[in-house]
Amino acid sequence: MPAITEAQVEAVRAWVVAIPAGRVSTYGDLAAAAGLTNPRQVGWILRTDGADLPWHRVIRASGRPARHLGAEQLARLRAEGVLAIAGRVDLATYRWRPTGQTR
DNA sequence: ATCATGACTCTGT
DNA sequence: AACAGAGCCATGA
């Protein structure tokens with residue numbers, strides 16, 4: 001069986017979808033919310049099965065977008081009302097934390 | 001089984 | 001603040 005089950009993938013997808021517009025979340029938070037132990041698994045899931053998700057609301061713990069996404073993600077966030085200062089999002093303001101609403 | 005790569009994060013320098 | 005190293009887990013060759 002695969003190391004990452006569909007249940008885990010669905011959990012991550014559900015959390016990403018649950019992020020409100022104008023807010024962002026980090027890989028680490030999503031990993032914890034979905035029951036994953038490693039943020040890299042979240043990255044893998046988004047790369048593999050996240051094409052149809054609002055992945056632009058998922059950023060790194062540094063407040064910076066994922067490496068290959070770069071400015072495009074910041075532009076998308078800015079269009080939703082997330083102001084990026086010097087290429088980084090103010091996590092203290094925009095970070096959204098899973099509150100257990102979907103389970 | 002081993003090695004390299006990757007949408008990450010932490011800690012130390 | 002910037003850079004490097006290590007830890008972490010999954011995948012593909």
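Numbered from 1 within each chain, the chains take letters A, B, ... in sequence-line order.
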### Message
Please pick, from C:dT11, B:dC10, B:dA7, the nucleotide with the shortest atom-to-atom distance to any side-chain atom of A:Trp44.
### Response
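The answer is C:dT11.
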Between [N] ([atom2]) and [X] ([atom1]): distance, integer Å:
{"X": "A:Arg40", "N": "C:dA6", "atom1": "CZ", "atom2": "P", "result": "15 Å"}
{"X": "A:His68", "N": "B:dT5", "atom1": "NE2", "atom2": "P", "result": "18 Å"}
{"X": "A:Leu30", "N": "B:dC8", "atom1": "CG", "atom2": "C1'", "result": "12 Å"}
{"X": "A:Arg64", "N": "B:dC10", "atom1": "CZ", "atom2": "C1'", "result": "16 Å"}
{"X": "A:Asn38", "N": "B:dC8", "atom1": "CG", "atom2": "P", "result": "11 Å"}
{"X": "A:Asp29", "N": "B:dA7", "atom1": "CG", "atom2": "P", "result": "20 Å"}
{"X": "A:His56", "N": "B:dA7", "atom1": "NE2", "atom2": "P", "result": "19 Å"}
{"X": "A:Ile4", "N": "C:dA10", "atom1": "CD1", "atom2": "C1'", "result": "6 Å"}

### Query
Using the C1' atom in both, what is the distance from B:dA7 to C:dA2, to the nearest Å?
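Between the two C1' atoms, the distance is 22 Å.
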#### Entry: A:Glu80 with A:Arg57: basic N within carboxylate O range, under 4.0 Å
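Yes, charged N to carboxylate O under 4.0 Å.
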### Message
Taking A:Arg95 first and then A:Asp90, would you say they form a salt bridge - that is, a charged N and a carboxylate O separated by under 4.0 Å?
### Response
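Salt bridge flag = no for A:Asp90 with A:Arg95.
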### Message
Could you see if A:Trp55 belongs to whatever hydrophobic cluster contains A:Ile4? Use Ile, Leu, Val, Met, Phe, Trp, Tyr and a side-chain cutoff under 4.5 Å.
### Response
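Cluster IDs for A:Trp55 and A:Ile4 differ.
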### Task
By nearest nucleotide on DNA chain C, pick out whichever of A:Thr37 and A:Arg88 is the more 5' one.
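Of the two residues, A:Arg88 wins.
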### Task
Would you mind telling me which residue lines up with the more 5' stretch of DNA chain B, A:Gln41 or A:Ile59, judged by nearest nucleotide?
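Nearest-nucleotide comparison on DNA chain B picks A:Gln41.
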### Polar side chain donor-acceptor pair, A:Glu72 to A:His56, under 3.5 angstrom
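Their side chains do not contain a donor-acceptor pair, so the 3.5 Å distance test is not met.
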### Task
Look at all strands and tell whether A:Arg60 reaches a base, only sugar-phosphate, or nothing, counting heavy atoms closer than 4.0 Å.
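Sugar-phosphate only.
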